[in-house]
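These notes concern the structure reproduced below.
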Amino acid sequence: IGKVKLTELTTFEINRFYSYLLNEKQLSPKTIRYVHNVLRIALKHAEQDRLIDRNVCDYAKLPKINRYKSEVLTIDEINLLIEHCKHHRYGLEIILAITLGLRRGEVLGLKFSDCNFEKHTIHIQRQVTTSKDRTENSDGSSYDLKILKTENSDRILYMPSTLEKMILFRRQQVQNHQHSLQGRYNNNDLICCKDNGDILSPQTLYHSFKQMLKELDLPDIRFHDLRHSYATAMLDSDVPLKVISQNLGHSSIGITGDIYADSIIKKKESADIADNIFFNE
């Protein structure tokens with residue numbers, strides 16, 4: 001649409017542009033909505049400056065976003081995966097995601113200094129993100145540590161005692177690597193890192209996780225579905241929704257309720273079934 005004059009831009013042109021992005025460029029509906037938001041804001045400024053009479057983006061038709069339905073692991077499947085992880089190079093990374101409900105970037109951003117071993121807590125306060133500013137990796141990308149996007153995402157969680165022991169064991173492993181490599185070790189204080197202390201690639205963790213699922217004949221879920229598996233397991237164990245929401249770092253309990261509505265409904269349905277079985281009602 002760059003060739004179209006600002007005063008001649010129409011909703012028809014906008015709709016055709018979005019259709020092109022969707023069908024020709026194969027962009028996702030979510031990405032097109034990002035494009036729409038940027039364009040709408042730009043045209044809003046033009047409208048405020050009296051360069052156009054109205055914002056034609058306000059009348060555009062946006063592609064529907066199909067809500068992703070997550071697939072979660074059962075408790076037995078989670079236990080099988082955790083047992084396998086105890087003997088795997090990247091096992092602690094997976095266990096952190098399962099037992100704390102962390103995002104992949106949050107897992108890779110954890111530092112030993114985030115752990116309070118006296119209070120048995122861990123502070124989730126940063127994440128690993130992809131940066132295109134340098135060319136450290138073969139794909140032209142590198143990784144940085146950044147603070148979390150929202151205030152609610154910054155949270156302190158209690159560590160299960162077994163997880164705490166695993167982190168202490170990892171600290172000993174890291175100290176051994178640091179000693180053997182001496183000046184060649186990059187001490188970033190990271191719990192999850194390469195053997196030389198550098199930030200671990202999210203893709204490396206992703207591919208290792210996928211290989212684990214294949215070896216164990218488990219459902220081919222996304223890494224992020226470990227977070228959903230955690231939340232569902234907590235719901236099934238009658239942990240209050242507000243507590244789950246805070247642990248996940250959601251901005252409100254309503255968001256948690258919307259995401260896990262199906263699980264909540266199933267719990268209600270089980271109560272209704274119990275009524276029929278035990279009380280004939």
Side-chain angles (χ1 to χ4, degrees), residues 73 78-131 134-139 141-148 154-216 218 223-224 226-227 229-230 247:
L73 299 179
I78 289 174
N79 289 336
L80 176 64
L81 180 58
I82 287 178
E83 190 60 34
H84 180 77
C85 283
K86 290 178 181 178
H87 313 285
H88 194 281
R89 166 65 179 85
Y90 301 114
L92 177 58
E93 287 78 354
I94 306 299
I95 291 174
L96 281 163
I98 294 175
T99 58
L100 296 178
L102 303 185
R103 303 174 180 90
R104 181 174 52 173
E106 292 173 340
V107 169
L108 297 178
L110 289 173
K111 295 188 176 186
F112 290 108
S113 56
D114 295 327
C115 300
N116 186 323
F117 295 108
E118 293 182 0
K119 295 183 178 180
H120 312 294
T121 61
I122 186 166
H123 190 178
I124 316 302
Q125 57 182 318
R126 76 186 67 79
Q127 63 185 338
V128 166
T129 60
T130 302
S131 169
R134 300 187 298 276
T135 56
E136 176 183 323
N137 301 298
S138 59
D139 62 355
S141 62
S142 59
Y143 305 100
D144 294 322
L145 290 170
K146 293 187 178 180
I147 62 172
L148 299 174
D154 189 311
R155 58 207 189 274
I156 295 176
L157 305 176
Y158 282 97
M159 294 183 286
S161 58
T162 303
L163 174 63
E164 187 174 350
K165 292 175 184 176
M166 290 179 176
I167 294 175
L168 287 169
F169 181 72
R170 172 63 64 85
R171 185 171 68 175
Q172 184 61 54
Q173 288 179 312
V174 167
Q175 289 172 348
N176 292 340
H177 286 143
Q178 190 172 358
H179 178 73
S180 61
L181 293 176
Q182 297 181 357
R184 292 172 295 153
Y185 187 87
N186 299 319
N187 188 11
N188 293 306
D189 193 38
L190 292 170
I191 296 175
C192 307
C193 59
K194 296 180 182 179
D195 289 342
N196 67 350
D198 283 346
I199 294 174
L200 181 64
S201 163
Q203 288 303 312
T204 297
L205 179 56
Y206 171 81
H207 291 304
S208 296
F209 169 63
K210 286 291 188 177
Q211 185 60 35
M212 285 187 207
L213 295 178
K214 188 175 181 180
E215 291 173 1
L216 297 172
L218 290 173
F223 190 94
H224 196 75
L226 293 176
R227 179 171 160 89
S229 298
Y230 160 84
N247 287 352

Check whether any side-chain heavy atom of [X] lies under 4.5 Å from a side-chain heavy atom of [Y], and answer yes or no.
X      : Y      : answer
Gln211 : His207 : no
His224 : Arg104 : no
Arg171 : Gln175 : yes
Ile98  : Tyr230 : no

Euclidean distance, [Y] [atom2] relative to [X] [atom1], rounded to 0.5 Å:
X      : Y      : atom1 : atom2 : value
Tyr206 : Ser201 : OH    : OG    : 12.5 Å
Cys192 : Lys111 : SG    : NZ    : 13.0 Å
Leu102 : Asn247 : CG    : CG    : 9.5 Å
His177 : Asn187 : NE2   : CG    : 13.5 Å
Ile122 : Arg155 : CD1   : CZ    : 10.5 Å
Gln125 : Leu110 : CD    : CG    : 9.0 Å

Quick one: list whatever passes salt bridge (charged side-chain N to carboxylate O under 4.0 Å, His left out) with Arg89, sequence neighbours left out.
->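 Arg89 satisfies salt bridge (charged side-chain N to carboxylate O under 4.0 Å, His left out) with Asp195 once adjacent residues are dropped.
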Test salt bridge (charged side-chain N to carboxylate O under 4.0 Å, His left out) applied to Arg170 - qualifying residues, sequence neighbours left out |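 Counting only residues at least two positions away or on another chain, Arg170 forms a salt bridge (charged side-chain N to carboxylate O under 4.0 Å, His left out) with Glu93.
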With sequence neighbours left out, what residues match His123 under ring-ring contact (aromatic ring centres under 6.0 Å, His included)?
->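 ring-ring contact (aromatic ring centres under 6.0 Å, His included) check on His123 returns nothing, list empty.
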Going by the side chain to side chain contact (heavy atoms under 4.5 Å, CB included) test, name the single residue among Thr129, Asp144, Leu145, Asn186 that passes it with Ile199.
->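 Passing option: Leu145.
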Return the minimal non-hydrogen interatomic distance between [X] and [Y], and the atom names on each side.
X      : Y      : answer
His88  : Ser208 : CE1-CB, 4.3 Å
Met212 : Cys85  : SD-SG, 3.8 Å
Asp114 : Gly109 : OD2-O, 4.1 Å
Gly197 : Leu190 : O-CD1, 4.2 Å
Pro202 : Leu108 : CA-CD1, 3.7 Å
Leu200 : Cys193 : CB-CA, 4.0 Å

Mind running side-chain contact (heavy atoms from CB on, under 4.5 Å) on His84 and Glu215 for me, showing each step along the way?
-> CA-CA 10 Å; His84 180 77; Glu215 291 173 1; 3.4 Å; yes
Quickly, which of Gln172, Gln173, Gln178 forms a side-chain hydrogen bond (donor to acceptor under 3.5 Å, both in side chains) with Asn176? Name it, please.
->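 Output: one option passes, namely Gln172.
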Could I get the full list of side-chain contact (heavy atoms from CB on, under 4.5 Å) partners for Ile147, not counting sequence neighbours?
->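 Not a single residue meets the side-chain contact (heavy atoms from CB on, under 4.5 Å) criterion with Ile147.
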Can you sort out the partners of Phe209 under side-chain contact (heavy atoms from CB on, under 4.5 Å), two or more places apart, ordered by chain and number?
->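 In terms of side-chain contact (heavy atoms from CB on, under 4.5 Å), with neighbours along the sequence ignored, Phe209 is linked to Leu81, Ile94, Leu213, Ile221, Phe223, Leu226.
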Using a 3.5 Å cut-off and no angle test, enumerate the donor-acceptor pairs between side-chain atoms of residues 159-169 and protein atoms at least two apart in sequence or in another chain.
from   : atom 1 : to     : atom 2 : distance (Å)
Glu164 : OE1    : His120 : ND1    : 2.9
Glu164 : OE2    : His120 : ND1    : 3.1

Asp189 side-chain N/O to Ser113 backbone N/O, donor-acceptor pair under 3.5 Å =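 A pair under 3.5 Å: yes.
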Is there a donor-acceptor pair closer than 3.5 Å between any side-chain N or O of Thr121 and the backbone N or O of Ile156?
->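 Side chain of Thr121 to backbone of Ile156: no pair is present.
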If you draw a 6.0 Å radius around NE2 in His179, do more than 12 non-hydrogen atoms from other residues or ligands fall strictly inside?
->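 Open.
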